[in-house]
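The structure appears right after this line, and notes come after that.
Order of the sequence lines sets the chain letters (A, B, ...), proteins ahead of strands, with each chain counted from 1. Note that this is a predicted model, so its numbers are computed, not measured.
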Amino acid sequence: MEENKEEKSLNFIEEIVDNDLKSGKYASIITRFPPEPNGYLHIGHAKSICLNFGLTQKFGGKTNLRFDDTNPETEETDYVNAIKEDIKWLGFTWDEELYASDYFETLYGYAVDLIKKGLAYVDDSNSEEIAALKGTPTTPGQDSPYRNRGIAQNLALFEDMKAGKFETGERVLRAKIDMSHINMLMRDPIIYRIKHAHHHRTGDKWCIYPMYDFAHGQSDSIEKITHSICTLEFVPHRELYDWFIEKLEIFPSKQYEFARGNLSYAITSKRNLLKLVREGIVTGWDDPRMPTISGFRRKGYTPSSIRTFWEKAGIAKRDNLIDIGLLEFCIREELNKTAIRRMVVVDPIKLVITNFPEGQTESLLAENNPEDEHAGQRILSFSRELWIERDDFMEEPPKKYFRLGPGLMVRLKHAFIVECERFEKDELGNITTVFCRYFPESKSGHDTSGIKVKGTIHWLDSATAKEAEVRLYDRLFTVENPGMEEGDILEYIHSGSLKVVEHAKIEPALLEAKPSDRFQFLRLGYFCLDRDSTSEKLVFNKTVGLKDSWAKMNQS
RNA sequence: UGACCGAUGGUGUAAUGGUAGCACAACAGUUUUUGGUACUGUUUGUCUAGGUUCGAAUCCUAGUCGGUUAACCA
């Protein structure tokens with residue numbers, strides 16, 4: 001009977017792996033996650049991480065972390081550390097921590113091999129000259145005047161390059177393939193360039209550095225990666241990838257490509273992400289509005305919600321723009337089950353219970369999480385003066401407004417039913433105080449009043465309420481696909497993406513919040529403690545709002 | 001313009017020549033001391049035109065549309 005649980009179909013890469021294992025092509029697989037340490041990991045990287053590590057979790061094998069650090073000018077150790085932290089936080093453990101720069105010596109040897117085979121040459125042309133002879137997709141390129149140098153001279157020149165006898169950019173090493181090849185990448189691609197730059201790991205040992213195409217596939221091969229998974233823009237590189245492996249006669253790693261995952265209302269281009277940081281649009285790489293892994297972490301997302309999200313989004317080869325609503329669904333679904341409920345009033349107005357004696361306090365029991373009976377209870381204090389949310393009162397309520405207004409009744413969550421008698425405004429016309437009478441026999445759990453109300457609102461006892469800062473986040477962009485928009489990305493920044501509430505009223509119990517805690521602020525959304533919190537002042541970040549069908553009803 | 005990759009409801013993703021399914025979203029309803037949750041139901045789809053076949057989302061041909069590709073970046 002329990003046999004009929006449906007087997008989820010494999011994605012196309014899992015299918016390839018499955019076939020390779022079943023056919024005996026490999027006894028076990030090795031994958032790798034190969035970030036370049038020149039920026040922080042974002043939600044798109046998480047897809048690749050989940051795929052690569054997920055594959056070996058599912059089929060067995062190893063997954064390496066390999067930093068693709070072949071460009072000393074942009075790469076930094078700080079990024080290496082941040083990347084490692086993010087991967088660990090996501091819940092994955094790599095088998096080996098490796099660096100393309102570990103292979104510089106080997107790679108140099110491979111280049112020498114190529115030269116000896118007559119398959120590489122040193123070119124004295126500069127960047128413009130090389131571009132000029134490259135041709136176009138429809139016209140063939142032309143041979144460089146240095147293309148037919150002898151092997152011995154190439155060997156000597158390449159050694160001189162390595163020895164630092166030339167300036168940055170003065171010479172390059174090129175593979176000798178075919179200047180009229182239909183694939184532009186095969187038109188004698190540059191494989192080594194001179195950069196007199198300090199490398200974050202090898203220091204000043206090298207002044208020549210391999211290009212991506214002469215480092216990535218070879219690194220895969222050295223590590224005996226069986227399935228080298230990358231995104232679609234590398235499809236044309238595969239031909240070169242295979243060519244080097246064939247000519248070098250090294251382990252035949254295979255490259256497979258999948259479509260990068262794009263999230264609506266977000267960008268995942270490192271260039272633009274860096275711009276947001278540099279221009280001060282956000283406070284840093286881990287600003288909760290950033291689509292970085294560290295941003296989502298600080299915003300209160302859990303690792304499992306991100307993993308679930310990519311599981312649901314799937315893997316394919318077509319371009320996509322995934323609704324951010326799916327990610328929000330994933331985190332709500334998890335937090336609904338696990339988050340402790342607390343009451344917080346973000347925009348307070350006073351509510352006075354006219355028939356409740358002054359100076360008296362009543363204690364009420366409130367469940368911590370209706371979805372989790374083991375979450376326990378807490379005690380709430382109730383007295384004559386309370387705080388309620390400004391949104392929960394209207395002077396002239398429309399139909400179907402199930403909250404407070406002249407003559408209307410609501411239940412105060414975990415407490416009593418109250419009926420509005422009158423209200424006061426200040427000289428600007430803002431509501432300041434609402435006066436209600438309460439029904440003592442309507443106490444939560446002991447309600448004998450027989451009164452039925454449609455609405456329940458949250459509240460706080462003004463005598464015991466504390467204060468905290470609450471940061472309300474909204475999407476960072478005004479358009480669904482900012483990356484595809486014309487012009488500067490900064491034109492599409494949502495000015496209301498952060499609203500800071502300096503003095504929100506909070507339950508005293510919230511004072512004990514720890515950094516790892518996540519809460520549902522009743523009727524508002526999910527929140528977590530921000531690292532900016534101090535002992536004097538707590539700061540809470542909004543992770544995501546609750547679904548709000550009232551707001552939706554009113555937006556049309 | 002060339003080459004390559006792709007095209008299934010609003011979005012994402014299955015169906016591997018044999019009943020187009022799942023999730024999110026949307027909509028309607030039930031329950032509810034969170035306008036939350038849970039539950040039930042509904043709407044919406046194979047890019048176009050030919051062909052192969054008893055049978056095509058799937059195979060073939062052509063077209064259309066979208067993406068990638070002409071860095072001493074990865």
Side-chain angles (χ1 to χ4, degrees), chain A residues 6 8-12 15 34-36 38 68-71 73-75 100 123 125-127 130-131 134-139 141 168-174 181-185 187 189-195 209 211-213 215-216 230-239 257 259 261 264 270-271 309 311-330 332-333 336-337 341 343 370-371 400-403 410-415 417 442 444-445 447 453-458 480 520-525 545-553:
Chain A
E6 252 178 66
K8 199 173 173 294
S9 59
L10 301 179
N11 65 51
F12 80 96
E15 208 149 301
E36 184 189 9
N38 68 345
D68 236 331
D69 57 348
T70 57
N71 184 355
E73 288 165 345
T74 56
E75 296 152 2
D123 195 328
S125 312
N126 62 34
S127 173
I130 289 174
K134 194 111 194 182
T136 71
T138 46
T139 57
T168 292
E170 207 178 320
R171 277 180 175 71
V172 291
L173 183 70
R174 292 229 254 171
H181 202 286
I182 201 79
N183 181 348
M184 299 284 289
L185 287 162
R187 320 245 263 226
I190 293 168
I191 58 180
Y192 260 95
R193 74 294 213 190
I194 300 168
K195 276 180 192 281
Y209 293 93
M211 297 286 289
Y212 167 84
D213 285 307
H216 197 100
C230 61
T231 46
L232 250 28
E233 64 267 32
F234 292 98
V235 169
H237 293 254
R238 191 174 59 227
E239 195 171 10
E257 311 87 9
S264 66
K270 276 188 191 173
R271 200 185 93 251
F309 165 68
E311 186 63 38
K312 287 180 186 290
I315 305 287
K317 293 185 79 163
R318 58 188 99 95
D319 293 322
N320 58 77
L321 183 63
I322 306 165
D323 190 343
I324 185 121
L326 183 60
L327 216 205
E328 294 177 343
F329 167 81
C330 292
R332 279 194 198 104
E333 183 185 45
N336 174 53
K337 297 189 195 109
R341 313 292 139 120
M343 294 201 280
E371 307 293 321
K400 300 225 179 158
Y401 183 78
F402 304 142
R403 306 180 192 179
V410 291
R411 171 169 297 279
L412 299 175
K413 179 73 178 175
H414 302 306
I417 292 174
S442 68
S444 274
D447 188 348
V453 292
K454 297 278 259 192
T456 301
I457 64 172
H458 59 281
E480 195 176 33
Q520 183 194 112
F521 291 175
L522 232 61
R523 303 209 302 136
L524 297 178
L546 259 25
K547 269 179 69 178
D548 189 345
S549 47
W550 168 248
K552 191 186 294 176
M553 209 165 117

Once you apply a heavy-atom cut-off of 4.0 Å, does [X] come out as touching a base, just sugar-phosphate, or nothing?
X      : value
A:T74  : nothing
A:T231 : nothing
A:Y401 : base
A:N183 : nothing
A:N126 : base
A:L326 : sugar-phosphate
A:I315 : sugar-phosphate
A:G261 : nothing
A:H414 : base
A:F402 : base
A:R332 : nothing
A:L321 : sugar-phosphate
A:E15  : base

Counting side-chain heavy atoms from CB outward, which of [options] is closest to [X]?
X      : options             : answer
A:M553 : B:G35, B:U37, B:A74 : B:G35
A:R193 : B:C73, B:G2, B:G35  : B:C73
A:A313 : B:G12, B:U69, B:C73 : B:G12
A:V172 : B:G35, B:C72, B:G36 : B:C72
A:R341 : B:G36, B:U13, B:A26 : B:G36
A:K547 : B:U37, B:G35, B:U1  : B:U37
A:P236 : B:U69, B:G35, B:A74 : B:U69

On a whole-Å scale, what distance lies between the [atom1] atoms belonging to [N] and [M]?
N     : M     : atom1 : answer
B:U58 : B:U52 : P     : 15 Å
B:A20 : B:A56 : P     : 12 Å
B:C72 : B:U48 : C1'   : 45 Å
B:C60 : B:U11 : C1'   : 31 Å
B:C27 : B:A3  : C1'   : 46 Å
B:U44 : B:G9  : P     : 14 Å

Kindly compute the distance separating CD1 (A:I457) from NZ (A:K413), expressed to the nearest 0.5 Å.
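Between atom CD1 of A:I457 and atom NZ of A:K413 there are 12.5 Å.
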Closer than 4.0 Å, any side-chain N/O of [X] to the OP1 or OP2 of [N]?
X      : N     : result
A:S127 : B:C72 : yes
A:T70  : B:A74 : yes
A:S549 : B:G36 : yes
A:K195 : B:C73 : yes

A:H237 and A:Y212 aromatic ring geometry - parallel, tilted or perpendicular at 30°/60° bounds:
perpendicular
Could you check how far [atom1] of [X] sits from [atom2] of [N], rounded to whole Å?
X      : N     : atom1 : atom2 : result
A:E333 : B:U37 : CD    : C1'   : 11 Å
A:E480 : B:G12 : CD    : P     : 9 Å
A:F234 : B:C5  : CZ    : P     : 18 Å
A:D68  : B:C73 : CG    : C1'   : 11 Å
A:I190 : B:A70 : CD1   : C1'   : 13 Å
A:H216 : B:C73 : NE2   : P     : 17 Å
A:K552 : B:C27 : NZ    : C1'   : 9 Å

Stacking between B:G35 and A:W550, yes or no? Criterion: centroid separation under 5.5 angstrom, plane angle under 30 degrees.
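Here the ring of A:W550 and the base of B:G35 are stacked, with centres under 5.5 Å and planes under 30°.
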Which of A:T168, A:L173, A:N71 passes side-chain contact (heavy atoms from CB on, under 4.5 Å) with A:R193? It is A:N71
Could one point to a donor on the side chain of [X] or the base of [N] with an acceptor on the other under 3.5 Å away?
X      : N     : result
A:H181 : B:A3  : no
A:E371 : B:G36 : yes
A:Q520 : B:U34 : yes
A:R318 : B:G67 : no

